[in-house]
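In listed order, ligands and their atoms are each counted from 1. Just so it is clear, the values below take in all heavy atoms, side chains as well, and ignore hydrogens, waters and symmetry mates. Since we're looking at a predicted model, the values are computed, not measured.
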Amino acid sequence: MQLNWLPKVDKLMLLVKEQLPDDLSEPLLAEAAREAVDQLREEARGGGFNPPSKEIVLNLCLALTKCLYHRKQTPSLRRVINATGIVLHTNLGRAPMARAAADAIAEVAHGYSNLELDLDTGKRASRYDHVRDLLCRLTGAEDALVVNNNAAAVLLALDTLASGGEAIVSRGELVEIGGSFRIPDILEKTGVTLREVGCTNKTHLDDYRAAITDKTKLLLKVHPSNFAQVGFVEEVDLETLVALGRESETPVLYDLGSGCLYSLAEEGVGGEPMVPRVLASGVDVVCFSGDKLLGGPQAGIILGRRAYIEEMKQNHLTRALRIDKFTLAALEATLRLYVDPQKARQEIPTLEMILAPPEILRTRAEALAAIINQSGHLCRAEVRPGKSEVGGGSLPGLELDTSLVYVQTEENSAEELVSTLRTLAPPILAYIRDNHVILDPRTLQDGEEQQVAAQIIHLCRGAQCAPAPPVSTDLPVGDDAHIVPPIPNVPTTPGETP
Ligand SMILES: *Cc1c(COP(=O)(O)O)cnc(C)c1O
């Protein structure tokens, strides 16, 4: 290829602009055009690239520039469709929030807010006050504090309650939560000496009792969260531990992990005790996540005795771990829904998804499969009974009955289909089992079934989303050509923003 067939970058930009929306980003387009030309030049110099004419080179530059521009312009963090059925998927942002919570964020995001102002007195107030009363009302706690996430809550509680002393923990509870949050490491970071007691599978009250010395500052209990032990297992229940704490005048901290404010167990889902019941045991401090079973924003919620909460508020670490206004807005809106449990159940997606009735899931799976099957013979969908999990270190080992759509195509292997689904806009996340692509309707939200069906059909028809350059040699393209040969648009897929 002759290198002088490559267009000038500014000319290329002008041509591409005619085909892109008016509000495009000039700097990104310039970058894309430069990279496109550079890329083709490199390939031409390498010798393996020999387009037969100048106009084809121009076409290639145009298509490549548009493609690179779209890629640059797509945000890195974006919405995806979760068809895995895992409700609290850590890699997919854990809890999807209620509409009211999302609206509350929007409400405080663009303008100012009374984040640290008492509107009655005009005086400075604490940001923590926005949710304290609600949390106390919903849980029966004496006082409450919220921080950035539960890892921060554990860090703050340990640093405040036990720094410079010893914390006693059962060997069965020295867990790693994920994202390398390990209880022993956190203890070390806060200058708390870990006193392990018991064995992996069994810890008795006497193990704790024997470990108490004048250095002991805390009895720590940790929810195992992402694993469950079966068989020859014994732990000291919370009431007994609390009694020992009283007897030895040692505070008891319970890292609850998920923290449940809705009676899932009463509806037959798992055996997670509700937070009010945990507090009723007399435990001094509990902490848990805002975006696990609670179904709100990422946050760490700390509840318990006023004296301890007050001490934590005075701890300088609190400033570094503090919660932001968006989180507070979303958390307050989420907690408000819990004031009426029925409302919480209907409007908090996490609860709604966990409690979705199996017969509704079957109907939805069948509808999804029917759309896929009606569209031709290239892909087949079949509904089979299956299980979904809650995920996110909540309700470990629990399997929820669901109906799964098994998809198979003639064009693509399951691996190809799953990875292509991930590249769409919005990306669709599914998984593979028995050489089929599996879609679980449990985690699909409003209208997403239609999008998923449309994309599957589109891909089954063999349509690919890569930009294919046109081959058109009979159009005159001179140096000053104002007529650009028609470039087929980068094929888009239904529901995709190109
Ligand atoms: C999830 C979890 C944490 C960490 O909470 P984040 O909100 O993810 O920071 C800490 N402890 C336990 C027991 C957990 O389950």
Distance filter under 4.0 Å to [X] heavy atoms, resulting ligand 1 atoms:
X	value
Ala151	4 (C), 5 (O), 6 (P), 9 (O)
Gly257	12 (C), 13 (C), 14 (C), 15 (O)
Ser289	5 (O), 6 (P), 7 (O)
His223	13 (C)

Next on the checklist: Can you confirm whether the side chains of Gln451 and Gln455 place a donor and an acceptor under 3.5 Å from each other?
Outcome noted: no

Start with the C-alpha gap between Lys313 and Leu145, add the side-chain angles, then the distance that decides, and say whether side-chain contact (heavy atoms from CB on, under 4.5 Å) holds. CA-CA 8 Å; Lys313 280 189 185 164; Leu145 173 62; 3.9 Å; yes

Margin query: Taking Leu361's backbone N and O only, do any of them form a donor-acceptor pair with Ser403's side chain (distance below 3.5 Å, no angle check)?
Written below: no

Do any N or O atoms from the side chain of Arg442 and from the backbone of Met353 form a donor-acceptor pair under 3.5 angstrom?
yes

Sequence neighbours excluded, the answer for side-chain contact (heavy atoms from CB on, under 4.5 Å) partners of Tyr112 is none

protein heavy-atom neighbour closest to atom 11 (N) of ligand 1 works out as Asp255 OD2, 2.6 Å

### Task
Check whether any heavy atom of Gln298 sits under 4.0 Å from an atom of ligand 1.
no

Check: of Val175, Asn150, Leu256, min heavy-atom distance to atom 3 (C) of ligand 1 comes from Asn150

The answer for which part of Arg94 has a heavy atom under 4.0 Å from ligand 1 is side chain

For residues 316-333, the salt bridge (charged side-chain N to carboxylate O under 4.0 Å, His left out) pairs (sequence neighbours left out) are Glu332-Arg336

